[in-house]
Chemist: 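Here it is: the structure, laid out below.
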Amino acid sequence: MDERRRVLLVEDEKNIALLLAHNLNSAGYETVIAYDGEEGLKKALTEKFDIVLLDIMLPKLDGFKVLEGIRTRSDVPVIMVTARDDDKDKIAGLENGADDYVTKPYKLQELIARIRANIRRSRDEMITHLAEGGGTTTVRGLEIDRGRYVVRKDGNELELSKKEYDLLLFLMENAGKPFSREELLGKVWGYDGFLGDVNTVDVTVSRLRKKLEKDPSNPEYLITKRGVGYYIQ
Ligand code: CA
C-alpha cells in the first residue's frame, strides 16, 4: 500500500485551513498547515512534501514570494490559490513556476482531483526522467537536452519555466502533429477530461513564443493549427 501523500497547506484563515485539512485527511492525505508565508516557506524547504497548496494573500510573506523562495531549491508541485478570478494572478503564478492555480471558492472534489493530477504528473516526470536518462531532441536549431533539462536555440540557452519546458518537450517529441488544448492539458498537465482551464495552455504557449520566436506574432516553431490546437514544425 502507498504511503500517505503529504500536503503542505499555506493558509492564514484558520477556519478554512482546519476544514480543508480535515477533508484532505479524510481523502487519504497527510496535511501540514502553515498559517503565514514565512512559516510556509520554512516548512516547504525543510520538510518533504508531495505538493504545496499556496494561498496568495498571506501575512509576513505573500504567496508569490513564498513560491519564489521554494523554486530556488525545490521542484515540488505548487498549486496557487487565488482569491479572485484574476488573470494577472494566474499569469504571475505560472510565470514564477507554479504548476497550477485554483480560484476561491473552489469545490473540494475539484481541488482534490487537481492535487491528485499534479502529484501523479510530478511522479511520472521523475520516472520518465530516470528511465530516459540523457539524449537530445532537435528541430532546426532548437535543441532540448533531456538529461540536463536544458533548451538551446542556435546554441544559446533559454530560461524556461518548468511547464514551458514540459510543453516544448512534448510538442518537439511529437513534431508535426497538432494537439488540441484539451489534449495538451491531459498530456502535459496531467488532467483528465475537462478538469483544467484551457487558458493555462494559451498562457504557456504565449510565454514560450516570446522566448523562442524571433517574431512571437508570426511564429516559425510553435504554430497554431486553426480549429485544432498547437504543434511544433
Ligand atoms: Ca489569505
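Not measured: the values here are computed from a predicted model. Note that ligands are numbered from 1 as they come in the structure, with each ligand's atoms numbered from 1 the same way.
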Chemist: Would you say the side chain of Leu61 lies within less than 4.5 Å of the side chain of Asp36, judging by non-hydrogen atoms?
Modeler: no
Chemist: Determine whether more than 12 heavy atoms belonging to other residues, nucleotides or ligands lie under 6.0 Å from atom CG of Asn15.
Modeler: no
Chemist: For a distance under 3.0 Å, give residue and atom name for each protein N, O or S atom next to the Ca ion (ligand 1).
Modeler: Asp12 OD1, Asp55 OD2, Met57 O
Chemist: With a 4.0 Å cut-off, would you call Lys211 and Glu164 a salt bridge?
Modeler: yes
Chemist: Looking at Lys163 and Asp166, does any basic side-chain N land under 4.0 Å from a carboxylate oxygen?
Modeler: yes
Chemist: Taking C-beta and beyond as the side chain, do Leu142 and Asp154 meet within less than 4.5 Å on heavy atoms?
Modeler: no
Chemist: Between Glu11 and Lys104, does at least one N-O distance fall below 4.0 Å, as a salt bridge requires?
Modeler: yes
